[in-house]
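We name chains A, B, ... by the order of the sequence lines, and we start the count at 1 in each one.
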Amino acid sequence: MTATRPTRRQFVTTAAAGASASLFPRPLLAQGSQPRIVVVGGGFAGATAARFLKRADPRLDVTLVEPNPIFAACPFSNEVIAGLRDMRAQLFGYDRIAAAGVAVVHQAATAVDGRARSVTLGNGTKLGYERLILAPGSDLRFDALPGYDEGAAERMPHAWKAGDQTLLLRRQLEAMEDGGTVVMALPALPYRCPPASYERASLIAYYLKTRKPRSKLVVLDAKDTFSMQRLFENAWQELYPNLEWVPVSSGGNPTSVDAAAMTVSSDFDTYKAAVANIIPPQKAGRIAELAGTADRTGWCPVDPVTFESHLAPGIHVLGDAAIAGAVPKSAFAANAVAKICAAAVAKLVFGERPAPPKFVNTCYSLAAPDYGFSIVGVYHPVNGQWLEVEGAGGVSPADAPRMFRSQEAKFANGWFNAITSEIFG
Amino acid sequence: MVAAMQAYRGGQRPATVMDRIAKGFSDDEIKAIAAWFAAQR
Ligand SMILES: Cc1cc2nc3c(=O)[nH]c(=O)nc-3n(C[C@H](O)[C@H](O)[C@H](O)COP(=O)(O)OP(=O)(O)OC[C@H]3O[C@@H](n4cnc5c(N)ncnc54)[C@H](O)[C@@H]3O)c2cc1C
Ligand code: HEM
């Protein structure tokens, strides 16, 4: 094989062969260079992938592209909002990932050229790659709920990306006078971690009950049913007479907001809010769309073994941004699929076949600080689709004693500490 | 570890989540996981 760059004609023929993705990098490797893998996004999926690529094969030249020097984790940010946890417990740096041999570049990726196999960064630098992994998380759609744009989010926080938005919602709840109504608006599926929206409702209700006893919470929901519903509803009945959940069938579908008037409208009614938490519809992070990996739904279809995009060969998509059958949009799953993808990519760049994967997802939710429950799924690929293993998984028992709930709340904390120290520690 | 996983799967070992997790794995898979852990030491 010669070392010359392929001509345009060669590009066309390899693409036409339908296997360009795995064949193309090999000539570069034949020259003895290290395979270059670029990972975009240093969240649960991307940071895990970068670290595990290096662990899978130290010969890989791994670059992690992430604009923020500090990562703010979403799991447990609902506790920050409810005043139960310090924001500092959510923040993680990239030093240990760099120490593991990953080149960490604090820039945003602004463009991807899938043909030239190069990523452009905010400062104009171009990074070449043999394989690109995109893990940009979810983006909020500011064109979906009338009245809710980026400006409105400064008055009516979404707090669906952790950081300033989390603290803004926290401060608004703290500053609210006792007696004010808090209004939450929840979108239809799919979106980042739906159980977290009911956890948030629970913990805001907990805060109101303990600190603003004359206030109440109205939850306007674009859904009629949700995961762990029975467990949440039991907890609400037991603990939170101040929480009113309004499903679609009762007119709860959020239809518009007016940030200046602080009102939220649903199919049936308009609510005046002292504090409004609007969780808008979502889509894959913008760079996934720019790279041509997102389909009309706004999310990215991928292969279940390698997480390679169905739309753009040589580009893998992980975490919230991907749609992969039954795989949930959780930090737990983002971390698990990143390990699967890292193992697969470490094989693919050397022309080897990846092993068939299988993984577990466990999402914990807190209805109160000492009241936790969980949903488990075990996932495997069947005929090119991620499915749940039948007979496994499921939710915590509905009739368990309070002791069981406090144990799960403790294990939830343990899970967060374990996953964040695996990735960032 | 193999014994613990099998007991979780059969519901003989008290659990919050491990019973639901263990049910997703066959004997062979459990043995493979245990062998991997043993090799890490
Ligand atoms: C309130 C709340 C509570 C949650 N609780 C839980 C929970 O208890 N358990 C659980 O498992 N999950 C939970 N989740 C879900 C979890 O946070 C997400 O599923 C998870 O963060 C997805 O990981 P990711 O890597 O895809 O995205 P993220 O973790 O969001 O990471 C994406 C990263 O990509 C970076 N990025 C984006 N665009 C670019 C670009 N162009 N160039 C470079 N970098 C870019 C971003 O800066 C970010 O750091 C919760 C979510 C919320 C909102
Ligand atoms: C296939 C993967 C896994 C294996 C092989 C495994 C193995 C085990 C074993 C052997 C024990 C018993 C420990 C002891 O008694 O000393 C245990 C307990 C436990 N594990 Fe796992 N584990 C797995 C995945 C998970 C996951 C994904 C979670 C969730 C976050 C989890 C949470 C727990 C908890 C909470 C316990 C205590 C028992 C309970 O309450 O269910 N494990 N696990």
Side-chain angles (χ1 to χ4, degrees), chain A residues 55-56 227-228 231 326-327 330 332-333 336 339 343 355-366 370-382 386-415 418 422, chain B:
Chain A
R55 195 177 295 180
S227 145
M228 295 184 273
L231 292 159
V327 178
S330 71
F332 196 119
K339 293 175 194 170
K358 184 165 188 174
F359 76 94
V360 180
N361 179 72
T362 304
C363 280
Y364 286 104
S365 289
L366 299 178
D370 62 345
Y371 191 131
F373 39 76
S374 57
I375 180 163
V376 171
V378 184
Y379 299 86
H380 61 169
V382 177
W386 280 105
L387 294 183
E388 278 200 58
V389 174
E390 277 179 45
V395 301
S396 304
D399 54 358
R402 258 318 259 277
M403 182 61 201
F404 195 94
R405 308 280 185 236
S406 61
Q407 230 181 343
E408 289 218 83
K410 221 172 65 201
F411 290 147
N413 274 278
W415 165 76
E422 180 186 83
Chain B
M1 176 162 188
V2 172
M5 287 295 279
Q6 286 169 341
Y8 280 133
R9 204 173 55 188
Q12 296 104 354
R13 195 177 163 110
T16 54
V17 293
M18 281 311 299
D19 48 347
R20 291 177 265 158
I21 290 169
K23 284 181 184 132
F25 294 87
S26 67
D27 281 343
D28 284 350
E29 287 171 330
I30 291 171
K31 281 183 199 141
I33 294 169
W36 185 85
F37 274 107
Q40 299 306 301
R41 298 210 194 97

Determine, step by step, whether Val17(B) and Phe411(A) satisfy the side chain to side chain contact (heavy atoms under 4.5 Å, CB included) criterion, reporting the C-alpha distance in whole Å, the side-chain angles of both residues, the deciding distance to 0.1 Å, and the verdict.
CA-CA 10 Å; Val17(B) 293; Phe411(A) 290 147; 5.9 Å; no
Measuring only between side-chain heavy atoms, which start at C-beta, is Phe25(B) closer than 4.5 Å to Ile33(B)?
yes
With sequence neighbours left out, write down each residue that passes salt bridge (charged side-chain N to carboxylate O under 4.0 Å, His left out) with Glu408(A), or none if nothing qualifies.
Arg20(B)
Carefully, step by step, assess Val395(A) and Phe373(A) under the rule side chain to side chain contact (heavy atoms under 4.5 Å, CB included).
CA-CA 8 Å; Val395(A) 301; Phe373(A) 39 76; over 6 Å; no
Non-neighbouring partners of Val2(B) that pass side chain to side chain contact (heavy atoms under 4.5 Å, CB included), sequence neighbours left out
Gln6(B), Ile30(B), Lys31(B), Ala34(B)
Cut-off 4.5 Å, heavy atoms of chain B, and the answer for Val376(A) is both
What distance do Lys410(A) atom NZ and Asn413(A) atom CG have between them, rounded to the nearest 0.5 Å?
10.0 Å
How would you list, by chain and number, every residue that makes a ring pair (Phe, Tyr, Trp, His ring centres under 6.0 Å) with Tyr379(A), sequence neighbours excluded?
Phe359(A)
Interface residues of residues 7-16 of chain B facing chain A - non-hydrogen atoms under 4.5 Å apart
Ala15(B), Thr16(B)
Under a 4.5 Å heavy-atom cut-off, does chain B meet the side chain of Ser396(A), its backbone, both or neither?
both
